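Report on the structure given below.
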Amino acid sequence: MTANVAVETTPEVPLWNDPARSVTARVSALMEAMTLQEKIAQLYGVWVGASDEGGEVAPHQHDMEEAVDLDALLPAGLGQLTRPFGTAPVDPALGALSLMRTQARITSANRFGIPAVAHEECLAGFAAWGATAYPVPLSWGATFDPDLIHRMAGAIGRDMRSVGVHQGLAPVLDVVRDARWGRVEETIGEDPYLVGTIGTAYVRGLEEAGVVATLKHFVGYSASRSGRNLAPSSMGPRERADVLLPPFEMAVREGGARSVMHSYTDTDGVPAAADEDLLTGLLRDTWGFDGTVVADYFGIAFLKTLHGIAADWAEAAGAALRAGVDVELPTVKTFGAPLVEAVAAGRVPESVIDRALRRVLTQKAVLGLLDPDWSPVPPALEGADLDDPDALRGRIDLDGPQNRALARSVAEQAVVLLSNDGTLPLDRPRRIALVGPNADEPTAVLGCYSFPLHVGVQHPGTPVGIDLPTLRDTLAAEFPDAEFTVVRGTGVDDGDALGIPEAVRAARDADVVVAVLGDRAGLFGRGTSGEGCDVESLSLPGAQQQLLDALLDSGTPVVTVLLAGRPYALGRAVEESAAIVQSFFPGVEGTAALAGVLSGRIDPSGRLPVSVPRGAGTQPATYLGARLAHASEVSNVDPTPAFGFGHGLTYTTFAWSDLAVDAKEAATDGEFALAFTVRNTGARHGTEVVQLYLHDPVASVVQPVQRLIGYTRVPLAPGQACRVRVTVPADLASFTGRDGRRVVEPGDLELRLAASSADPRLTATVTLTGPERPVDHTRRLHAVFVREAAAGA
């Protein structure tokens, strides 16, 4: 007789949950098990806001969309959660708890237990209440320091990942073509090589922290006519290929970016969201990108409402999917019921659903979201009492000392000294007149995508969440023995000139005037810089130029300080200011950095990522212009900038000498080797930023007069010298030829070693020999710099 023995069995782990199987096999098995509604549910997000009490998120009601019923949606699953931290002020720990509980709800509601990808903005730091507000990307460009930006991005990514965020909507890789565009502050600069190298460094930092970086806006957004937001783009295929695409190409090839966001714009009548040649042909088939393409917010619906290429929501969804868009953001609209009905009716093939779904599920698998041991508890809440929300409040610090130190380093290296007659550094002035609308304004250091200005302004009763010392505060600490007179003079853009006489009286009674001018960041007309805050000219906003001119007439030396999101024409101040200091929204540590530069505690080392115009009405203009774009005798409009791209002074001087060229000829598949010496000839430590420009005097198509192909920072003590060696591949001379192919042509070139685009120091004339050589996306992208101690230094 055999006894009945209870045998404990373990349910078999579904193939898609088995991490021992390949990602491809897991994703294929999951797709086979899903219904059409379940498939489509993975291809859209829902805009939510975390609860400050730690409860589940609530759908965000946006004025462009109808309300979302989560109870109705979640049984089919959910692809993404949009901005759980960046929709309303929420204590970070309670926001993390709220996101955790929502993820638990999502996984329990759908048959397969699949969580959502949570994404956030991180343009100038994690856009969450209480998180460090770093300098804006235009300041990243001003550092000319990819390694520093890489470290900053790593810190931002670690903070995001610690609270349960998987994807960051940054960096912006748009190249500035017209400084009137409101989103200039979000860009890295006007040169594609600078944008590409700094942007790729940011991507690496974010991705190494485990956060999916999202390249935006692909492509052409910044080339809009007249610098207007969401305007059509005026660019030919060659400008697109040689100026606007290279930063994205670099970030895909070298940065490992796992997501791309399409642009709102249309080019020659084809919207980016419906451009199959761009999103599939170039991005995937040619460059080999295998991540997800996400929609810019409402961008798929815009195919119907703004572009007029779709008659209804289903047609818009089909056009985007066919082009290669995988995920609709910020919330479900065209990818919901309209898409389900369109597939059922045969208007949209299910194959395009499956193609996008495979990419989305592959990314979720790589993120660990399909693993059987996945937990909704984020790292920052591990070990905490999750049943006591009140005890969690204040547990997570997103603005700690390490973040502040990084923010300080970026801010300090991004300050650009434009001019100086010797007044700076200030030598213990007794009386300082601190004048201007940004002199005592805490938020003057923030860009429009910083949490306080992007979200916090909609909640006026809520504290800012981070310490924002004004320039008045930091200058008082920097010069404790000085007597300050602080006068606003005028507002940023109110045009009020009634306070100017008081400002002039303060100036006349002072030893030096520090005039603090510039922008107020905001959105859609609520600021003078930021998304939707485009301008007709590059005159200083409001009555600021009138104030500045009156201060210049006072007879007291005027140090002009700019806290701005774009470059401005400064009129008389270019020649008459004692000094001009430019800072592009430098973040929480920005005023301390400015005070340190003014006192001399910090050696200025920033360089302009965008040219500063001499005239207010010369846009669009860029240093990358061809010969016809520069000053000529046949036009009375002179676009020559007051300060060119790459310009920046220090508190010391440098001598460049002893240029040597190994061989002045190389084949079109070869390289050149140069060496030269940089010596600090002044009495202070300083950093020279060596910039390498290429000038191609004769080419088969019109070329820019010059373009940046490399750079390196060279820090030197007084009297110290450095031998700089640089290897320049012939590939860097490539451009898009007449037939649309990228080629390296034989002929003479000038390799200009320069302190800025307007200040060449040493020039090597070299020659490429042999046949014209086609190149592709596998070409070499960088010159290689090596620094050595100079002989006898």
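Computed from a predicted structure; not experimentally measured.
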Expected output: side-chain [X] to main-chain [Y] donor-acceptor under 3.5 Å:
{"X": "E38", "Y": "M34", "answer": "no"}
{"X": "S263", "Y": "T265", "answer": "yes"}
{"X": "H695", "Y": "V705", "answer": "yes"}
{"X": "E121", "Y": "G86", "answer": "no"}
{"X": "E531", "Y": "G182", "answer": "no"}
{"X": "S611", "Y": "F645", "answer": "yes"}
{"X": "T736", "Y": "G740", "answer": "no"}
{"X": "R355", "Y": "R322", "answer": "yes"}

For this session: May I ask you to decide if the ring planes of F144 and Y711 are parallel, tilted or perpendicular, using 30° and 60° as cut-offs?
Result: perpendicular
For this session: May I ask you to decide if the ring planes of Y264 and H262 are parallel, tilted or perpendicular, using 30° and 60° as cut-offs?
Result: perpendicular
Are [X] and [Y] close enough that some pair of their side-chain heavy atoms sits under 4.5 Å apart?
{"X": "Y297", "Y": "L169", "result": "yes"}
{"X": "D174", "Y": "W181", "result": "yes"}
{"X": "L768", "Y": "V744", "result": "yes"}
{"X": "I188", "Y": "P609", "result": "no"}
{"X": "R752", "Y": "L692", "result": "no"}
{"X": "W16", "Y": "V27", "result": "no"}
{"X": "T197", "Y": "H782", "result": "yes"}
{"X": "V294", "Y": "V325", "result": "no"}

Out of curiosity, [X] [atom1] to [Y] [atom2], how far, rounded to the nearest 0.5 Å?
{"X": "C122", "Y": "L206", "atom1": "SG", "atom2": "CG", "result": "5.0 Å"}
{"X": "R347", "Y": "E341", "atom1": "CZ", "atom2": "CD", "result": "9.5 Å"}
{"X": "L339", "Y": "K333", "atom1": "CG", "atom2": "NZ", "result": "14.0 Å"}
{"X": "F218", "Y": "L278", "atom1": "CZ", "atom2": "CG", "result": "4.0 Å"}
{"X": "H217", "Y": "T187", "atom1": "NE2", "atom2": "OG1", "result": "11.0 Å"}
{"X": "L279", "Y": "D285", "atom1": "CG", "atom2": "CG", "result": "11.0 Å"}

Do other residues, nucleotides or ligands put more than 12 heavy atoms under 6.0 Å from the [atom1] atom of [X]?
{"X": "R773", "atom1": "CZ", "result": "yes"}
{"X": "R21", "atom1": "CZ", "result": "no"}
{"X": "D669", "atom1": "CG", "result": "yes"}

Exercise. Any cation-pi pair here, K216 with Y449, using under 6.0 Å and within 45°?
Worked result: yes
For this session: Decide yes or no on side-chain hydrogen bond (donor to acceptor under 3.5 Å, both in side chains) for D296 and Y221, but give the supporting numbers first.
Result: CA-CA 11 Å; D296 202 346; Y221 193 19; 5.6 Å; no
Is the shortest distance from a Lys or Arg side-chain nitrogen in [X] or [Y] to a carboxylate oxygen in the other one below 4.0 Å?
{"X": "D326", "Y": "R359", "value": "yes"}
{"X": "E186", "Y": "R183", "value": "yes"}
{"X": "R742", "Y": "D776", "value": "no"}
{"X": "E207", "Y": "R258", "value": "yes"}
{"X": "R240", "Y": "D277", "value": "no"}

Is it true that the side chains of [X] and [Y] contain a donor and an acceptor less than 3.5 Å apart?
{"X": "T622", "Y": "E190", "result": "yes"}
{"X": "R225", "Y": "S234", "result": "yes"}
{"X": "R358", "Y": "S28", "result": "yes"}
{"X": "T267", "Y": "S233", "result": "no"}
{"X": "T668", "Y": "E772", "result": "no"}

Minimal non-hydrogen separation, [X] against [Y], with atom names:
{"X": "A316", "Y": "T334", "value": "CB-CG2, 4.4 Å"}
{"X": "R158", "Y": "A209", "value": "N-CB, 3.6 Å"}
{"X": "M235", "Y": "A223", "value": "SD-CB, 4.3 Å"}
{"X": "R707", "Y": "L624", "value": "CB-CD2, 3.6 Å"}
{"X": "P115", "Y": "L369", "value": "CD-O, 3.2 Å"}
{"X": "Y202", "Y": "A153", "value": "O-CB, 3.2 Å"}

Problem set entry | From CA spacing to verdict: side-chain hydrogen bond (donor to acceptor under 3.5 Å, both in side chains), S700, E745 | CA-CA 8 Å; S700 59; E745 292 183 344; 2.4 Å; yes
Problem set entry | Those residues that, when tested against T305, pass side-chain hydrogen bond (donor to acceptor under 3.5 Å, both in side chains) (two or more places apart) | none
For this session: Applying side-chain hydrogen bond (donor to acceptor under 3.5 Å, both in side chains), run through E185 and S529 and close with a yes or a no.
Result: CA-CA 7 Å; E185 64 172 74; S529 174; 2.6 Å; yes
Problem set entry | side chain to side chain donor-acceptor pair (under 3.5 Å) partners of residues 136-147, not counting sequence neighbours, each pair once | D145-Q413
Exercise. Centroid-to-centroid, W287 to F248, below 6.0 Å?
Worked result: no
For this session: Answer with yes or no after comparing the ring centroid distance for F335 and Y44 against a 6.0 Å cut-off, counting only values under it.
Result: no
For this session: Take V784 and V726, measure what side-chain contact (heavy atoms from CB on, under 4.5 Å) needs, and give me the verdict at the end.
Result: CA-CA 5 Å; V784 178; V726 56; over 6 Å; no
Problem set entry | salt bridge (Lys or Arg N to Asp or Glu O under 4.0 Å) evaluation trace for E249 with R779 | CA-CA 11 Å; E249 181 183 0; R779 68 192 182 281; 2.8 Å; yes
Exercise. So D312 and K304, salt bridge (Lys or Arg N to Asp or Glu O under 4.0 Å) or not? Walk me through it.
Worked result: CA-CA 6 Å; D312 53 33; K304 174 182 181 292; over 6 Å; no
For this session: Quick one: do Q80 and H166 satisfy side-chain hydrogen bond (donor to acceptor under 3.5 Å, both in side chains)? Show the steps, please.
Result: CA-CA 10 Å; Q80 293 226 0; H166 308 99; over 6 Å; no
